[in-house]
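Below: one structure, written as C-alpha coordinates.
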Amino acid sequence: MAATPKTVLNNSWAAATQTFTAVLNPFLTAQVDADVAQQPLHDAMAYTLASGGKRLRPVLAFVISQLGSAALSAQDFLFPAGAIELIQTYSLIHDDLPAMDNDDLRRGKPSNHIQFGEAQAILAGDGLLTLAFSWLARAPFNTAVRIAMVQVLADAAGPAGMVAGQSQDMADTGEDITDTALHQLVANKTAQLITGAAEIGALAGQLTVSQRAAVRDFAWALGQAFQIRDDILDVIETTAELGKTAGKDAAEHKNTYVSFYGLAGARQQLQAALMAARAAWTPAVLASLGFAAIPAVLADLIQQLEE
Ligand code: IPE
Ligand code: IPE
Ligand code: MG
Ligand code: MG
Ligand code: MG
(Lines give C-alpha, C1' and ligand atoms only; values in the text may rest on other atoms or scores of the structure.)
(Ligands and ions follow the chains in the order given, each with its own letter.)
Protein backbone atom coordinates (compact mmCIF):
# COMPACT_ATOMS: atom_id res chain seq x y z
CA MET A 1 0.00 0.00 0.00
CA ALA A 2 1.56 3.28 -1.12
CA ALA A 3 2.06 5.91 1.53
CA THR A 4 0.68 9.42 1.01
CA PRO A 5 3.67 11.61 0.21
CA LYS A 6 4.02 14.16 2.96
CA THR A 7 4.85 17.81 2.27
CA VAL A 8 8.32 17.66 3.78
CA LEU A 9 9.31 14.90 1.34
CA ASN A 10 8.51 16.98 -1.74
CA ASN A 11 10.40 20.11 -0.76
CA SER A 12 14.06 21.11 -0.55
CA TRP A 13 16.44 19.98 2.18
CA ALA A 14 16.57 23.60 3.41
CA ALA A 15 12.78 23.65 3.72
CA ALA A 16 12.77 20.36 5.66
CA THR A 17 15.49 21.72 7.95
CA GLN A 18 13.54 24.95 8.46
CA THR A 19 10.30 23.09 9.20
CA PHE A 20 11.76 20.66 11.68
CA THR A 21 14.32 22.87 13.44
CA ALA A 22 11.59 25.47 14.09
CA VAL A 23 10.22 22.88 16.53
CA LEU A 24 13.41 21.02 17.47
CA ASN A 25 15.58 23.97 18.50
CA PRO A 26 13.16 25.43 21.10
CA PHE A 27 12.58 21.88 22.38
CA LEU A 28 16.32 21.28 22.87
CA THR A 29 16.68 24.47 24.89
CA ALA A 30 13.55 23.97 26.99
CA GLN A 31 14.19 20.28 27.68
CA VAL A 32 17.81 20.82 28.74
CA ASP A 33 16.59 23.65 30.99
CA ALA A 34 14.05 21.25 32.52
CA ASP A 35 16.47 18.33 32.89
CA VAL A 36 19.73 19.96 34.04
CA ALA A 37 19.68 22.03 37.22
CA GLN A 38 23.38 21.96 38.05
CA GLN A 39 25.45 24.96 37.00
CA PRO A 40 27.85 25.37 35.26
CA LEU A 41 27.02 21.94 33.80
CA HIS A 42 23.73 23.21 32.38
CA ASP A 43 25.38 26.23 30.78
CA ALA A 44 28.15 24.19 29.20
CA MET A 45 25.67 21.64 27.76
CA ALA A 46 23.28 24.34 26.51
CA TYR A 47 26.10 26.43 25.01
CA THR A 48 27.29 24.07 22.26
CA LEU A 49 23.80 22.67 21.75
CA ALA A 50 22.45 26.12 20.93
CA SER A 51 25.46 27.38 18.99
CA GLY A 52 24.15 26.69 15.50
CA GLY A 53 24.70 23.14 14.27
CA LYS A 54 23.24 22.18 10.89
CA ARG A 55 21.04 19.50 12.55
CA LEU A 56 21.68 17.16 9.62
CA ARG A 57 21.20 13.95 11.64
CA PRO A 58 17.91 14.79 13.43
CA VAL A 59 16.43 16.31 10.25
CA LEU A 60 17.45 13.20 8.29
CA ALA A 61 15.81 11.02 10.93
CA PHE A 62 12.61 13.08 10.75
CA VAL A 63 12.52 13.02 6.94
CA ILE A 64 12.99 9.22 6.90
CA SER A 65 10.23 8.83 9.51
CA GLN A 66 7.89 10.64 7.11
CA LEU A 67 8.41 7.96 4.44
CA GLY A 68 6.28 5.57 6.45
CA SER A 69 2.53 5.35 6.23
CA ALA A 70 2.07 6.14 9.94
CA ALA A 71 1.00 9.73 10.65
CA LEU A 72 3.86 11.10 12.71
CA SER A 73 4.12 14.76 13.67
CA ALA A 74 7.32 16.70 14.35
CA GLN A 75 6.12 16.90 17.95
CA ASP A 76 5.94 13.09 18.22
CA PHE A 77 9.54 12.82 17.06
CA LEU A 78 11.23 15.42 19.31
CA PHE A 79 12.66 13.08 21.94
CA PRO A 80 14.34 10.72 19.42
CA ALA A 81 15.55 13.58 17.21
CA GLY A 82 16.76 15.46 20.27
CA ALA A 83 18.60 12.38 21.52
CA ILE A 84 20.45 12.12 18.19
CA GLU A 85 21.50 15.79 18.37
CA LEU A 86 22.64 15.39 22.00
CA ILE A 87 25.01 12.63 20.85
CA GLN A 88 26.24 14.70 17.91
CA THR A 89 26.91 17.71 20.16
CA TYR A 90 28.70 15.64 22.80
CA SER A 91 30.91 14.09 20.13
CA LEU A 92 31.96 17.53 18.89
CA ILE A 93 32.75 18.85 22.39
CA HIS A 94 34.99 15.85 23.08
CA ASP A 95 36.45 15.90 19.54
CA ASP A 96 37.69 19.48 20.13
CA LEU A 97 39.42 18.78 23.47
CA PRO A 98 43.18 19.41 23.66
CA ALA A 99 43.78 15.67 24.07
CA MET A 100 41.88 14.99 20.85
CA ASP A 101 41.79 17.44 17.89
CA ASN A 102 42.68 20.46 20.03
CA ASP A 103 40.35 22.85 18.23
CA ASP A 104 39.50 26.28 19.66
CA LEU A 105 36.54 27.03 17.43
CA ARG A 106 33.29 25.11 16.93
CA ARG A 107 30.09 26.17 15.22
CA GLY A 108 31.57 29.64 14.84
CA LYS A 109 32.14 30.10 18.58
CA PRO A 110 34.92 29.34 21.06
CA SER A 111 34.94 25.58 21.67
CA ASN A 112 33.32 24.33 24.84
CA HIS A 113 36.60 23.85 26.71
CA ILE A 114 37.74 27.35 25.75
CA GLN A 115 34.54 28.77 27.19
CA PHE A 116 34.10 26.56 30.27
CA GLY A 117 37.46 24.84 30.85
CA GLU A 118 38.39 21.25 30.11
CA ALA A 119 36.77 19.67 33.15
CA GLN A 120 33.34 21.18 32.47
CA ALA A 121 33.63 20.41 28.75
CA ILE A 122 34.31 16.74 29.48
CA LEU A 123 31.38 16.67 31.88
CA ALA A 124 29.10 18.53 29.45
CA GLY A 125 29.86 15.75 26.94
CA ASP A 126 29.16 13.10 29.57
CA GLY A 127 25.88 14.82 30.43
CA LEU A 128 24.73 15.09 26.80
CA LEU A 129 25.61 11.46 26.11
CA THR A 130 23.69 10.05 29.05
CA LEU A 131 20.74 12.43 28.70
CA ALA A 132 20.26 11.16 25.12
CA PHE A 133 19.22 7.74 26.41
CA SER A 134 16.88 9.26 28.97
CA TRP A 135 15.16 11.13 26.13
CA LEU A 136 14.82 7.96 24.05
CA ALA A 137 13.26 6.23 27.04
CA ARG A 138 10.68 9.05 27.24
CA ALA A 139 9.79 9.04 23.53
CA PRO A 140 6.06 8.54 22.76
CA PHE A 141 6.43 5.15 21.07
CA ASN A 142 5.60 1.65 22.27
CA THR A 143 8.16 -0.19 24.39
CA ALA A 144 9.46 -2.41 21.57
CA VAL A 145 10.13 0.60 19.34
CA ARG A 146 11.82 2.53 22.15
CA ILE A 147 14.07 -0.42 23.05
CA ALA A 148 14.98 -0.82 19.38
CA MET A 149 15.85 2.90 19.21
CA VAL A 150 18.04 2.62 22.32
CA GLN A 151 19.88 -0.33 20.78
CA VAL A 152 20.37 1.43 17.44
CA LEU A 153 21.67 4.65 18.98
CA ALA A 154 23.93 2.90 21.51
CA ASP A 155 25.42 0.68 18.79
CA ALA A 156 25.90 3.57 16.35
CA ALA A 157 27.45 5.94 18.88
CA GLY A 158 29.28 3.47 21.07
CA PRO A 159 32.37 1.26 21.09
CA ALA A 160 31.31 -0.62 17.95
CA GLY A 161 30.51 2.66 16.19
CA MET A 162 31.47 6.31 16.55
CA VAL A 163 33.66 5.87 19.63
CA ALA A 164 35.59 3.11 17.85
CA GLY A 165 36.11 5.45 14.90
CA GLN A 166 37.29 8.27 17.13
CA SER A 167 39.68 5.91 18.94
CA GLN A 168 41.04 4.68 15.60
CA ASP A 169 41.35 8.30 14.38
CA MET A 170 43.45 9.20 17.43
CA ALA A 171 45.57 6.03 17.32
CA ASP A 172 46.31 6.52 13.61
CA THR A 173 47.13 10.24 13.75
CA GLY A 174 50.58 10.78 12.26
CA GLU A 175 50.78 7.13 11.11
CA ASP A 176 50.74 5.69 7.59
CA ILE A 177 47.60 3.63 7.20
CA THR A 178 46.04 1.55 4.42
CA ASP A 179 43.03 2.59 2.37
CA THR A 180 41.01 -0.12 4.14
CA ALA A 181 41.93 1.30 7.53
CA LEU A 182 41.01 4.84 6.39
CA HIS A 183 37.64 3.70 5.05
CA GLN A 184 36.88 1.86 8.28
CA LEU A 185 37.90 4.84 10.41
CA VAL A 186 35.60 7.16 8.45
CA ALA A 187 32.73 4.68 8.40
CA ASN A 188 32.90 4.32 12.16
CA LYS A 189 33.51 7.90 13.22
CA THR A 190 30.86 9.45 10.95
CA ALA A 191 28.74 7.03 8.89
CA GLN A 192 27.66 5.02 11.92
CA LEU A 193 25.83 7.90 13.62
CA ILE A 194 24.27 9.14 10.38
CA THR A 195 23.05 5.60 9.69
CA GLY A 196 21.79 5.21 13.25
CA ALA A 197 19.84 8.46 12.90
CA ALA A 198 18.22 7.27 9.66
CA GLU A 199 17.39 3.91 11.26
CA ILE A 200 15.69 5.64 14.18
CA GLY A 201 13.55 7.49 11.64
CA ALA A 202 12.76 4.18 9.93
CA LEU A 203 11.72 2.64 13.25
CA ALA A 204 9.46 5.60 14.06
CA GLY A 205 7.94 5.50 10.57
CA GLN A 206 7.38 1.72 10.80
CA LEU A 207 9.13 1.03 7.51
CA THR A 208 9.22 -2.54 6.20
CA VAL A 209 12.32 -4.74 6.40
CA SER A 210 13.29 -4.07 2.76
CA GLN A 211 12.63 -0.35 3.10
CA ARG A 212 14.80 -0.27 6.24
CA ALA A 213 17.60 -2.06 4.39
CA ALA A 214 17.51 0.59 1.66
CA VAL A 215 17.53 3.36 4.27
CA ARG A 216 20.60 1.79 5.88
CA ASP A 217 22.46 1.48 2.57
CA PHE A 218 21.57 5.05 1.65
CA ALA A 219 22.63 6.53 4.99
CA TRP A 220 25.82 4.48 5.09
CA ALA A 221 26.92 5.86 1.70
CA LEU A 222 25.74 9.34 2.66
CA GLY A 223 27.81 9.10 5.85
CA GLN A 224 31.00 8.34 3.91
CA ALA A 225 30.20 11.19 1.53
CA PHE A 226 29.64 13.52 4.45
CA GLN A 227 33.05 12.85 6.00
CA ILE A 228 34.87 12.92 2.65
CA ARG A 229 33.29 16.32 2.04
CA ASP A 230 34.26 17.46 5.56
CA ASP A 231 37.84 16.44 4.78
CA ILE A 232 37.71 18.41 1.49
CA LEU A 233 36.15 21.50 3.09
CA ASP A 234 38.86 21.54 5.76
CA VAL A 235 41.30 22.21 2.91
CA ILE A 236 39.31 24.51 0.62
CA GLU A 237 37.15 26.65 2.91
CA THR A 238 38.07 29.46 5.29
CA THR A 239 37.73 29.36 9.06
CA ALA A 240 34.85 31.85 8.78
CA GLU A 241 33.00 29.65 6.28
CA LEU A 242 33.62 26.48 8.30
CA GLY A 243 32.93 27.88 11.78
CA LYS A 244 35.88 25.70 12.81
CA THR A 245 39.62 26.07 12.22
CA ALA A 246 40.53 25.62 8.55
CA GLY A 247 43.53 23.47 7.62
CA LYS A 248 43.33 21.71 10.95
CA ASP A 249 43.64 18.18 9.57
CA ALA A 250 47.04 18.77 7.96
CA ALA A 251 48.21 20.75 11.00
CA GLU A 252 47.34 17.80 13.27
CA HIS A 253 48.69 15.16 10.81
CA LYS A 254 45.28 13.53 10.49
CA ASN A 255 44.56 10.69 8.12
CA THR A 256 41.84 12.01 5.81
CA TYR A 257 40.57 11.32 2.29
CA VAL A 258 42.55 14.37 1.16
CA SER A 259 45.80 13.31 2.82
CA PHE A 260 45.42 9.83 1.34
CA TYR A 261 44.00 10.44 -2.15
CA GLY A 262 44.84 14.13 -2.72
CA LEU A 263 42.13 16.72 -3.38
CA ALA A 264 41.19 15.44 -6.84
CA GLY A 265 41.14 11.84 -5.63
CA ALA A 266 39.00 12.76 -2.63
CA ARG A 267 36.54 14.48 -4.98
CA GLN A 268 36.28 11.28 -7.02
CA GLN A 269 35.65 9.26 -3.86
CA LEU A 270 32.96 11.77 -2.88
CA GLN A 271 31.22 11.30 -6.24
CA ALA A 272 31.38 7.52 -5.87
CA ALA A 273 29.82 7.68 -2.39
CA LEU A 274 27.03 9.99 -3.60
CA MET A 275 26.34 7.62 -6.49
CA ALA A 276 26.04 4.75 -4.02
CA ALA A 277 23.65 6.86 -1.92
CA ARG A 278 21.40 7.35 -4.97
CA ALA A 279 21.66 3.69 -5.98
CA ALA A 280 20.38 2.52 -2.59
CA TRP A 281 16.90 3.68 -3.63
CA THR A 282 15.99 0.84 -5.95
CA PRO A 283 12.86 1.17 -8.13
CA ALA A 284 11.20 -1.62 -6.10
CA VAL A 285 11.78 0.13 -2.76
CA LEU A 286 10.67 3.49 -4.16
CA ALA A 287 7.51 1.92 -5.61
CA SER A 288 6.73 0.33 -2.24
CA LEU A 289 6.92 3.83 -0.72
CA GLY A 290 4.66 5.32 -3.40
CA PHE A 291 7.45 7.16 -5.26
CA ALA A 292 8.58 6.95 -8.88
CA ALA A 293 11.93 8.61 -8.10
CA ILE A 294 14.00 9.53 -5.05
CA PRO A 295 11.89 11.91 -2.92
CA ALA A 296 12.84 15.51 -3.69
CA VAL A 297 14.11 16.24 -0.19
CA LEU A 298 16.61 13.35 -0.29
CA ALA A 299 17.67 14.06 -3.87
CA ASP A 300 18.35 17.63 -2.76
CA LEU A 301 20.35 16.50 0.28
CA ILE A 302 22.54 14.34 -1.98
CA GLN A 303 22.93 17.31 -4.34
CA GLN A 304 23.96 19.58 -1.44
CA LEU A 305 26.84 17.26 -0.62
CA GLU A 306 28.27 17.63 -4.12
CA GLU A 307 30.55 20.25 -2.42
C1 IPE B 1 30.84 17.57 12.17
O2 IPE B 1 29.53 17.29 11.83
C3 IPE B 1 31.55 16.29 12.50
C4 IPE B 1 31.68 15.41 11.35
C5 IPE B 1 31.23 14.20 11.37
C6 IPE B 1 32.37 15.85 10.16
P7 IPE B 1 28.60 18.44 11.23
O8 IPE B 1 29.28 19.07 10.07
O9 IPE B 1 27.25 17.86 10.98
O10 IPE B 1 28.56 19.50 12.41
P11 IPE B 1 27.38 20.39 12.99
O12 IPE B 1 26.53 19.49 13.83
O13 IPE B 1 26.60 20.97 11.84
O14 IPE B 1 28.07 21.44 13.81
C1 IPE C 1 34.69 14.17 13.61
O2 IPE C 1 35.56 14.18 12.59
C3 IPE C 1 33.86 13.01 13.84
C4 IPE C 1 33.20 13.12 15.15
C5 IPE C 1 33.11 14.20 15.87
C6 IPE C 1 32.63 11.93 15.67
P7 IPE C 1 36.41 15.54 12.52
O8 IPE C 1 37.35 15.64 13.63
O9 IPE C 1 36.89 15.69 11.13
O10 IPE C 1 35.22 16.62 12.74
P11 IPE C 1 35.47 18.19 12.74
O12 IPE C 1 36.10 18.52 11.40
O13 IPE C 1 36.33 18.52 13.90
O14 IPE C 1 34.07 18.74 12.84
MG1 MG D 1 38.29 14.40 14.97
MG1 MG E 1 37.84 17.47 14.73
MG1 MG F 1 36.91 17.42 9.96
Side-chain angles (χ1 to χ4, degrees), residues 53-65 80-96 100-101 125-126 128-133 135-136 146-173 177-204 207 211-231 234 249 254-257 260 269-270 272-274 276-277 279-280 298 301-302 305:
K54 292 180 293 295
R55 312 301 196 211
L56 172 101
R57 296 153 190 79
V59 174
L60 177 64
F62 178 65
V63 163
I64 296 292
S65 79
I84 293 163
E85 189 59 25
L86 293 182
I87 298 278
Q88 164 68 2
T89 303
Y90 123 72
S91 79
L92 300 178
I93 293 173
H94 281 190
D95 184 76
D96 290 336
M100 292 190 66
D101 292 356
D126 294 342
L128 292 163
L129 168 58
T130 42
L131 187 59
F133 292 96
W135 285 11
L136 277 186
R146 278 181 292 134
I147 296 281
M149 287 178 174
V150 166
Q151 171 109 47
V152 164
L153 193 61
D155 288 350
M162 184 181 75
V163 172
Q166 290 287 70
S167 168
Q168 217 175 331
D169 180 296
M170 296 313 304
D172 291 347
T173 296
I177 62 171
T178 64
D179 55 349
T180 308
L182 174 70
H183 297 171
Q184 191 189 37
L185 182 168
V186 163
N188 278 337
K189 81 170 177 177
T190 300
Q192 287 266 12
L193 184 59
I194 289 178
T195 304
E199 278 201 86
I200 285 172
L203 285 167
L207 299 194
Q211 291 166 351
R212 281 181 60 186
V215 163
R216 268 197 66 84
D217 290 348
F218 161 71
W220 190 247
L222 193 82
Q224 331 281 325
F226 191 80
Q227 185 62 48
I228 298 169
R229 180 172 176 271
D230 181 80
D231 291 350
D234 180 87
D249 292 334
K254 289 286 183 187
N255 279 293
T256 71
Y257 270 72
F260 195 90
Q269 298 280 331
L270 173 59
L274 293 174
L298 296 174
L301 170 60
I302 296 169
L305 297 185

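- Between H183 and F260, the distance from one ring center to the other does not fall under 6.0 angstrom.
- Residues that satisfy the side-chain hydrogen bond (donor to acceptor under 3.5 Å, both in side chains) test with T130, not counting sequence neighbours, are absent from this structure.
- Judged by the 6.0 Å distance and 45° axis criteria, R57 is positioned over the aromatic ring of F226.
- In this structure, CG in L56 is found 10.5 Å from CD1 in I84, a value given to the nearest 0.5 Å.
- Between the D169 side chain and the K189 main chain, no donor and acceptor come within less than 3.5 Å of each other.
- T190 places no side-chain N or O within donor-acceptor distance of the main-chain N or O of A187, the cut-off being under 3.5 Å.
- Taking OG from S91 and CE from M162, the interatomic distance works out to 4.5 Å, rounded to the nearest 0.5 Å.
- With no hydrogens or angles considered, a side-chain donor-acceptor pair links Q192 and N188 at under 3.5 Å.
- One finds the CD atom of Q88 at 9.5 Å from the CG atom of D95 (value rounded to the nearest 0.5 Å).
- For E199 and R216, the salt-bridge test passes: some basic side-chain N is under 4.0 Å from an acidic carboxylate O.
- Residues F218 and I302 are in side-chain contact: their nearest non-hydrogen atoms beyond the backbone lie under 4.5 Å apart.
- Judged by distance alone, with hydrogens and angles left aside, the side-chain atoms of D234 form a donor-acceptor pair with the main-chain N or O of D249 at under 3.5 Å.
- At a threshold of 4.0 Å, the pair K254-D101 counts as salt-bridged, since one of the basic side-chain nitrogens sits closer than that to a carboxylate oxygen.
- Looking at T89, its side chain does come within 3.5 Å of a backbone N or O of E85 through a donor-acceptor pair.
- Remark: A273 engages Q224, A225, I228 in a side-chain contact (heavy atoms from CB on, under 4.5 Å) (not counting sequence neighbours).
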